[in-house]
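Contents: one structure, followed by commentary.
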Protein chains: 2
Amino acid sequence: MRKAPTVYDVAQRAGVSIATVSRVLRRPDDVREHTRTVVHAAIQELGYVPSGAARGLAARQTGVLGLCFPDVDGIDELDDLPDPVRIGESVEVVRDVGGPVTARWSNLYLGEVMRGAELEAWRTGHAVMIGVARGLRRAEAVNELAGRVDGLAVLSRSVPDDLLGHIARRVPVVVMAGPPQDDEHDHIFVDNRAGTRALVEHLVSDHGIRDLAFVGGPVDSPDDHQRFAGFVDALQAAGIRAPDEPVARSDFTRGGARDLAHRMVGRRGQPGGALPRALVCSNDQTALGFLDVLTEAGVDVPGDVVLTGFDGIDDTQTSAPRITTVRQPMVELGRAAVELLRSRLADPSAPAATVNLPVRVLLRESCGCR
Amino acid sequence: MRKAPTVYDVAQRAGVSIATVSRVLRRPDDVREHTRTVVHAAIQELGYVPSGAARGLAARQTGVLGLCFPDVDGIDELDDLPDPVRIGESVEVVRDVGGPVTARWSNLYLGEVMRGAELEAWRTGHAVMIGVARGLRRAEAVNELAGRVDGLAVLSRSVPDDLLGHIARRVPVVVMAGPPQDDEHDHIFVDNRAGTRALVEHLVSDHGIRDLAFVGGPVDSPDDHQRFAGFVDALQAAGIRAPDEPVARSDFTRGGARDLAHRMVGRRGQPGGALPRALVCSNDQTALGFLDVLTEAGVDVPGDVVLTGFDGIDDTQTSAPRITTVRQPMVELGRAAVELLRSRLADPSAPAATVNLPVRVLLRESCGCR
DNA sequence: TTGTATGCGTTATCAA
DNA sequence: TTGATAACGCATACAA
């Protein structure tokens, strides 16, 4: 490792030219079997590993695809970092008093996307490089990532538009799971709208519910916006009068949803304060928060109120009752991103593509199924 | 994107030499402010993004660290791949009948390691590249990964020893979470032995249990081996006669543990078939499997039998009772790997290092606490 | 403070 | 089937 051997070393050792060494690695069929054997032997003896940098430079492509995520750890500064590992410390024995199970939604989410991307990249002999856009030097980091890859898949809003535009002049960019947008990049959308619509249609058609309310998320969430649109779609299709706005908005967290639920439950007695037959929540955390409070208040789910979510996080599978929801196609998102990148690399001049990922509605007990 | 601009383009546009362009990017303080401004303007106008390959080649280091995992998806062939994304398909509505919650232990495990590595790498301006050693061309893939990075952290047994030796002649290698081994590489161990010992000492000292049995995992698992050693340590320290072997072995899966538990529970009536006061399981899945069966059979945990696990997976937090276990320091593992890589790069001639990561014993209800 | 020139380790194009 | 040799895009030592 003192000084890594190069093609020259291998060539010398094998008594051939560097061109032949390169050929043995890239197009083995173009060299005589004997030569091949000799070269391979030299490679083994020297411990030769080709330099990716040199290859990338000469071949004008690195074989690496990039995946750029937003900062899910909420780290903006080096100071925010958790303590580094302290080595040599002894075992610690602690009483685990419980508390809420850590919600690792974003980790899981991103992990699945990565898994899908890696899988699809592996299929075609690509490597994938992960980048997290965090901290003050994030622009710089994203730039460097872009400089190292043949194509870049970016999770929506992890990179500002202007930076994205800059980068896109060097490598193809695909934006994952963003709001509908009309720019030069390829896009992959998750069909929030169709998913919610299908879910609500189930409530109306199969359960005969006509008194539904939509509990929204943050106003600036494009996902929320699409989901509400799907809600409206379904109601209109069923000839039910649709509201202009969600009946209320939470912040997409379970705690925030609890607060909201408390207020709504408290108003039950007042005129116009009655709970609707079905609460269609904009995400799972919201549904879970409502479930907590409704259960506490003695409101039966789904007997008194039907509850649904969106995302398909694990907790919706273990709650009582399990929550009917719409599963986000995380792995598929990653795979689709890589697919799109590849076809873009194959045909750079094709018009910008838009992919709408299908979604899956999971019927469980909270909507009255079974 | 048709043809990415290079330093030459920027230099020309800015009316300076390529050296100056490079300096503006690498050592801005060495250039006059005006020049800097002009160059930056040119960079923006052209959409210049430096080539990582060229940088790596010229600077003799890529700024990328590699992370190599074993194949957790069990994919050996392209044929094993799940179906690719089908685009344009409509929403699917399915009845989710339940079944076991998907155990994503390895995903979570690896995800956490990655998160730790990425975090630590980010601190020092490094990028990290993930590689999964899978399929027939795995050696090739690992080689390519090694060729692209400045250092490589490898999860134990994801790469055969000879390949690792080959690679190590080019880049520093650190092996994560393997069996004690005496080779040229740096190693990071998770202190399975001390963790189990501390856990068992708790059972003996704090709960006064003297009738304990160890339910092992696969014989070829070094982790299992270490954990059993810790079990023995604790017993011997307490003056309790320690067995030579685990009382039984499961395959580290919940299902396998269930089968085993059924057999053990079935033997209860027979002479010598009585259950011990405490079952120390080699991993969490095993403990969970036993919990399933014991609960079914009306054996109270921890009243009749005390149960403990190892790993700290999420399910141990939601089971009833929650399971006392030892948490694997996944994030720390990733961070430590990167730390070690960095110090190795800083001083290539230092002797091979060995890091023992501390572990945390989580006392919960399954051991009788609270 | 800036420019010139060289080398980094491959791939790929031609010749031989 | 093999060998010279010219890119590839940048960093950097050295000159100016």
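Below, read A as the first sequence line, B as the second, and so on, with proteins coming before strands; counting in each chain starts at 1. Treat the numbers as computed from the prediction; the structure is a model and nothing was measured.
We find that OH of A:Tyr8 is positioned 11 Å from P of D:dA4, with the value rounded to whole Å. Per the geometry, CG belonging to B:Leu25 stands 10 Å off C1' belonging to D:dC10, to the nearest Å. When the C1' atom of D:dC10 is taken as reference, atom CZ of B:Arg27 falls 15 Å away, rounded to whole Å. Regarding A:Glu144, its CD atom lies at a distance of 10 Å from the P atom of D:dA11, rounded to whole Å. Distance A:Arg26 CZ to D:dT2 C1': 19 Å, rounded to the nearest Å. Spacing between atom CZ of A:Arg23 and atom C1' of D:dA4 amounts to 11 Å, rounded to whole angstrom units.
For DNA chain C, the outermost nucleotides in 5' to 3' order that have an atom under 4.0 Å from a heavy atom of chain B are C:dT1 to C:dG9.
Here A:Arg134 pairs with B:Glu118 in a salt bridge; the nearest charged N to carboxylate O distance falls below 4.0 Å. For B:Glu144 and B:Arg148, the salt-bridge test passes: some basic side-chain N is under 4.0 Å from an acidic carboxylate O.
With D:dC10, D:dT1, D:dA7 as the candidates, the nucleotide lying closest to the side chain of A:Ala58 is D:dA7. In this structure, the nucleotide among D:dG3, D:dA13, D:dG9 sitting nearest to the side chain of A:Val16 is D:dG3.
Contact between the side-chain N/O atoms of B:Ser22 and the OP1/OP2 oxygens of D:dT12 is not found at any separation under 4.0 Å. Within the structure, every side-chain polar atom (N or O) of B:Lys3 is placed at least 4.0 Å from both OP1 and OP2 of D:dC8.
Using a 4.0 Å heavy-atom distance criterion, A:Val31 is classed as a sugar-phosphate-only contact.
Between A:Asp186 and A:Pro172, every side-chain heavy-atom pair lies at or beyond the 4.5 Å cut-off.
At a cut-off of 3.5 Å, with distance as the only test, no side-chain donor of B:Asn356 or B:Thr354 sits close to an acceptor on the other residue.
With the nearest nucleotide of DNA chain D identified for both B:Leu57 and B:Ala19, B:Leu57 has the one nearer the 5' end. Comparing B:Ser17 and B:Arg60 by the nucleotide of DNA chain C that holds the closest heavy atom to each, the one mapping nearer the 5' end is B:Ser17.
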*asked:* Working note: A:Arg36 + A:Glu33, criterion salt bridge (charged side-chain N to carboxylate O under 4.0 Å, His left out); need CA distance, chi angles, decisive distance, verdict.
replied: CA-CA 5 Å; A:Arg36 218 186 304 158; A:Glu33 177 169 345; 5.3 Å; no
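To the nearest 0.5 Å, atoms CZ (A:Arg115) and CG (A:Leu333) are separated by 13.5 Å.
Aromatic ring orientation, A:Phe189 versus A:His187: parallel (interplanar angle below 30°, classes split at 30° and 60°).
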